[in-house]
Amino acid sequence: MSRSGSVVVIGGGVVGCFIALNAARAGLKVRLLERGAADDRGCSFGNAGMVVPSHIAPLPAPGMVGAGLRMLANPRGPFAIRPRPDRDLLSWLNAFRRFCTHAHTERCMPILRDLHRAAQLIYSEHKSEWPQMQLRESGLLMLCATERGFEEEARAAARANELGVTAEVLSAAEADAKLGSCRFRGAGAAWFRDDCTLSPEGLMRELRAAAEQAGVVTSYGAGVDAIEARGVGVTGVRIGGETLPADSVVLAAGSWSAGLLRPLGIRLLLQAGKGCSFTLPEASRLPAVGAILTEARVAVTPMGSGVRFAGTMEIAGLDPRVNQRRAAGMRSRIPRYFPQYRAGDFVGLPVWSGLRPCTPDGLPVIGRCSSLPNLIVATGHAMMGISLAPITARLVTQLLRDEPPEQNIAPFAVERFESASTPAVLA
């Protein structure tokens, strides 16, 4: 539809930047609008920086409701929901509960596997072009402190291998050896060979520079008030008293996307899942590979001479404030796995927080709006924004070019939550 026309991309995070860059390199005229300032550190900056073909299971899974309820009782735990009288929150929670089935998990695994694989290959292609990205293709360790956790992770690794995702179950000593000088104490681990880590800040610098070089015009501090539509198409976006016309609009505004779709009569079940991180700038014992502390739900990423710890999931609306109790709880869980660290080592480090857009079925939203076909939505990546941004951008650019998407995008349909009472059936 925009083979030679103008495109406005709403949202300057990693997904929006990748889309703008790909569309511009495909010959389209692109304007990128970002609500924050150029130096704002939104959700694309402070995350764990992981590219994870291993993460093939969706967020809703069997047992998640019970596990979540147990974690709610701990004010320093990794999960929280802030109660509020909100119809969309109740609909989201109800839909999430309905998606926590074995059947849904099995349907999603091949879909997520293919998305992550495609994205990982794209990152590898850009490795030499974008040195600031600091891509480490060294795998990922799922570290388990308990025997029960280790048994669960071993079963997950076996299922991953059945689906063609290479995984190896390691003893505690074998996992310790892969971590280099960073000592591990626990029951064992699973190692996913094809996973990678990177510097989110470095990636965003490279993306912004490449987009500018490709001709993308970026406006910061450009919060969109509304997407304007007439008849069966969008005509542009309104910022303040000004309307910016466009032949096509791509909505990649993360957790703010649902609010911009609502006036158009499009209901998107999306909740902001707040996460936080802190970075130890100089670590005497640096992990050689990225890791996830499975029971603690903490991601550990080597970045330069330091290490970043990221985690928590708090459903609290569009409130970016750091929950200090949960950040303290995350700090306290790290020494259980890495005895060389103490919770006190992290005191005084600034804590970052960001809002991750989460769908109730654990799949992103990628596609045209059926009622407004020149409006494309790309959001709902939850904790996988960095990992899935490159393939999302490729699929969106193919739509903009009226080309058939290289992957089946029916499971990511925008309108799949229009009837929130019944979960959509994946195509």
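Below, all heavy atoms of this structure are taken into account, side chains as well, without hydrogens, waters or symmetry copies.
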Taking C-beta and beyond as the side chain, do P78 and M330 meet within less than 4.5 Å on heavy atoms?
no
Of the non-hydrogen atoms in L198 and M303, which two are nearest, and what is the gap between them?
O-CE, 3.7 Å
Measuring only between side-chain heavy atoms, which start at C-beta, is V52 closer than 4.5 Å to H116?
yes
Is any side-chain heavy atom of Q120 less than 4.5 Å from a side-chain heavy atom of C196?
yes
Non-hydrogen side-chain atoms of F192 and P53 separated by less than 4.5 Å
no
Looking at every heavy atom in both V216 and A24, which two are closest together, and how far apart are they?
CG2-CB, 3.6 Å
Student check: side-chain heavy atoms of Q271 and L89 closer than 4.5 Å:
yes
Work out which heavy atom in G49 is nearest to a heavy atom in P200; give both atom names and the distance.
CA-CG, 3.7 Å
Answer yes or no: is there a side-chain heavy-atom contact under 4.5 Å between I266 and E418?
yes
Is the number of heavy atoms from other residues, nucleotides or ligands under 6.0 Å of E137 CD greater than 12?
yes
Quick one: sort the F278 and F346 rings into parallel, tilted or perpendicular, breaks at 30° and 60°.
tilted
Without hydrogens or angle criteria, can the side chains of R25 and N22 be said to hold a donor-acceptor pair below 3.5 Å?
no
Measure the spacing between CG of L244 and CD1 of I239 and express it to the nearest 0.5 Å.
6.0 Å
Could you report the tightest heavy-atom contact between L355 and G317, atom names first, then the distance?
CD2-O, 4.2 Å
Contact summary for P281 and S305, nearest pair of heavy atoms
O-OG, 3.4 Å
Short side-chain donor-acceptor distance under 3.5 Å, E415 and S370
yes
Are R208 and E212 close enough, and set up right, to give a salt bridge (Lys or Arg N to Asp or Glu O under 4.0 Å), and what steps lead you there?
CA-CA 6 Å; R208 286 176 169 181; E212 182 179 2; over 6 Å; no
Could you walk me through whether R159 and E106 pass the salt bridge (Lys or Arg N to Asp or Glu O under 4.0 Å) check?
CA-CA 10 Å; R159 184 67 183 114; E106 288 298 316; 2.5 Å; yes
Taking side chain as C-beta onward, heavy atoms only, is R336 less than 4.5 Å from T146?
yes
Going by the side chain to side chain contact (heavy atoms under 4.5 Å, CB included) test, name the single residue among D114, L163, I111 that passes it with I56.
L163
Is it the case that more than 12 heavy atoms not belonging to R230 sit under 6.0 Å from its CZ atom?
no
Once you round to the nearest 0.5 Å, how far does CZ of R76 lie from OG1 of T312?
13.0 Å
Would you say CD of Q213 has more than 12 non-hydrogen atoms from neighbouring residues, nucleotides or ligands within 6.0 angstrom?
no
So, for G11 and L32, which heavy atoms are closest and what is the spacing to 0.1 Å?
O-CD1, 3.3 Å
Is there a donor in the side chain of D247 and an acceptor in the side chain of S6, or the other way round, less than 3.5 Å apart?
yes
Side chain to side chain contact (heavy atoms under 4.5 Å, CB included) with V365: of T379, T392, I409, only one passes, and it is T379
For Y341 together with F309, are the ring centres under 6.0 Å from each other?
yes
Distance col, row R333:CZ vs E295:CD, nearest 0.5 angstrom, shows 11.0 Å
Please assess V307 against V300 for the test side-chain contact (heavy atoms from CB on, under 4.5 Å), listing each intermediate value before the final yes or no.
CA-CA 7 Å; V307 58; V300 184; 3.6 Å; yes
Approximate separation, where rounding is to 0.5 Å, of L375 CG and C369 SG
4.0 Å
May I ask you to test the R331-V351 pair for a side-chain heavy-atom distance under 4.5 Å?
yes
